[in-house]
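Take a look at the structure set out below.
Chain identifiers are assigned alphabetically (A, B, ...) following the order of the sequence lines, protein sequences preceding nucleic acid strands; residue numbering begins at 1 within each chain.
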Amino acid sequence: MKLIYQLEDVNKTYKKGKVVANQNISFDVQQGEILGLLGPNGAGKSTLIKQMVGHLAPTSGTVCYKGTSVQTQTKRVAQEVAYYSQEPHALTSLKTWEALYFTGRLRGLTKEYAVKQTEELLERFGMQDLRHKLLKNVSGGQKRLIGIGTCLIGFSPVMILDEPTNELDPKKRRLVWDLIQERNRQGVTIILVTHNVLEAEQVVDRVAVVNHGKLLAIDHVSVLKQRVDQRMKLEITTSLGESDYVCQSLSALGHWTQTGENRIRALIEKQNASYAIDVLTNQHLPIEEYSLVPPNLEDVYFHIDDEQDRPAKAEVV
Amino acid sequence: MGEIKPAMQNQDLQFQDTVFLQGQEQQSIIQRRITEWLILARIQFTIIREAWVWIFIMACMFPLTTLLFLKFFTVDPTPAVMTRIITGNMLFGLIVMGLNSMAQEISWQKHQGHFTYYSSLPIAKINFIFANLLRGLIMSVPSFIILAMIGQLAYGIQFHYSWGLVPVLLLTVFSVVGVGVLIGFWSPSHQLTNMLVQALMMFVSFLTPVMVDMNQLPTILQWFSYIFPTTYAADAMREVLISGWSPSVAWNTLVLLLFSLISIVLILKKVDWRVEQ
């Protein structure tokens, strides 16, 4: 299997090294896979992908695309890698069909093919009736879809998508995930940044967890899940203002994380599950409801992140 | 490194390479660049499509105001003074739109992150620059012509129209718009660019030989004047409108060509739009 990207010891710092965006990041991306980059806001994910598309030079280390440094072949990368960024759309003065059609033409498509793909995409997005509407006059979600469409038009062998499902309603999110999977089935290598861990779990082959500018873990979803396969997720909704008390009372079960105003969550050992249920039913704690379920990718992500959070953090962008 | 999912292993990767070439136009590099420029120019045109009336009003308002003010202020001006006032105000319109507006607009696009879209596409930077220059030309030329017509009517003089006016006009616009585009591309921050171009607009319009004669300026301002294309543009415009093409017009036109080329080369060489350090 061909390697598409190879990153070796990539560092990106600002203000003479005082602000660290990426620290010693190394990983490969193989042809035909979907790699998900997960991490909280400010983790350094967007900085990393900007280096992968050649929009940002690393302070040290190398980012290679098909064996050659990205910095020396930015034009080829632009030719082969479709990039969807979080930046505001540059084409707001264009009609929706123009945004897709012109992008297709700039990617080298013939007129006929650009028209054909524009029509297909507008139909998939359910936006045929909005074809003559200016992009600045459509909804935020529709703007996002057209932005994703500008990545899908043409047949780029690699797609890098920075939070493609942000600000989309569930139906449009489903559509975007479907489109991503369809493209991947055609052989497109996809690297995507997302906060939507639960939805990404259904789509990605491998996951890279990034936080504080560091790569915390990278592996297949199933392998990462093994890290917590001896555990169960216990999620509790407490009475209002009682979450601290409940956390203290159940501290022996594991490390509790506040996930909402009166919601707490912990990964507990499987062997302690029956004991936990016994405590919850018999100790008359101020609890509204609880659930005990196997952990999902989001829990794996929080688990990895929690493990790393315990040592002191570096200053990050 | 983990294995790739089974569905992918069965695919013929060479077949995929042909999939990626689907619909690609088979053109020579020159044809490809021309198509690219035409598309970029159409995108730039859409920016002015919606607001062309306001752009036109904006382009005419400042110079028309100063043109009429000078008409009321000057008593019995000589034809030479009248020509200077009219050409000076035509250039003022060009400075407002070609230098000020273009620099601010490109700087805004840059700091809003709009370049990310363009730099993610396989297009040549020079095409993007020329598409921006074309927009500057479209935004500036109408006010340039309208001011010439109104100026003639207001002062009751007749200009000499010749083919020599075409290169002078085009190179005047390109050299001034080129400076605006250069400032916009270079812009380290949008606020700084705003302040810089506002100050530059006033300085170039009123403290270089655009509205006034070179001899009326203090020596230090005369020296500074030589670094602005507007000095040569004002000379060339005035002469070509009074007496047609001459060696002096040719010399000034050549200098304007140099200014245009220098600004394009500086944008190409000094401003890297794809890679930030």
Proximity breakdown for [X] and chain B, heavy-atom pairs closer than 4.5 Å:
{"X": "A/I218", "result": "neither"}
{"X": "A/I160", "result": "neither"}
{"X": "A/T92", "result": "neither"}
{"X": "A/V81", "result": "backbone"}

Heavy-atom count around [X] [atom1] within 6.0 Å, excluding the residue itself: above 12?
{"X": "A/Q73", "atom1": "CD", "answer": "yes"}
{"X": "B/F130", "atom1": "CZ", "answer": "no"}
{"X": "B/I227", "atom1": "CD1", "answer": "yes"}

Subject >> A/A90 to B/Y118 - nearest heavy-atom pair and separation >> reply: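 Closest approach of A/A90 to B/Y118: CB-CE1, 4.3 Å.
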Per-pair distances, 0.1 Å, donor-acceptor, side chain in residues 92-106 of chain B, under 3.5 Å, sequence neighbours excluded:
from, atom 1, to, atom 2, distance (Å)
B/N100, OD1, B/Q104, NE2, 2.6
B/S101, OG, B/V96, O, 3.3
B/E105, OE2, B/Q109, NE2, 3.2

Out of [options], return the one with the most heavy atom pairs under 4.5 angstrom to chain B.
{"options": "A/E80, A/K111, A/Q79, A/E112", "answer": "A/Q79"}
{"options": "A/T150, A/T59, A/L134, A/V70", "answer": "A/L134"}
{"options": "A/R107, A/R76, A/K95", "answer": "A/R107"}

Subject >> CG on A/L106 to CZ on B/F128, rounded to 0.5 Å >> reply: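 The CG atom of A/L106 is 10.5 Å from CZ of B/F128, to the nearest 0.5 Å.
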Original post:
Side-chain contact, heavy-atom cut-off 4.5 Å: A/H55 with B/S119?
Top reply: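 Yes - at least one pair of side-chain heavy atoms lies under 4.5 Å apart.
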**OP:** Heavy-atom pairs under 4.5 Å with chain A are the metric here; pick the option from B/N127, B/I43, B/I47 that has the most.
**Re:**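 So the answer, after comparing B/N127, B/I43, B/I47, is B/I43.
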**OP:** Using atom types as modelled and distance alone, determine if a side-chain donor or acceptor of B/R42 lies under 3.5 Å from a backbone N or O of A/E98.
**Re:**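 Not a single qualifying donor-acceptor pair exists.
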Original post:
Is there a side chain to side chain donor-acceptor pair (under 3.5 Å) between A/Y83 and B/T116 once you walk through the steps?
Top reply: CA-CA 9 Å; A/Y83 171 47; B/T116 306; over 6 Å; no
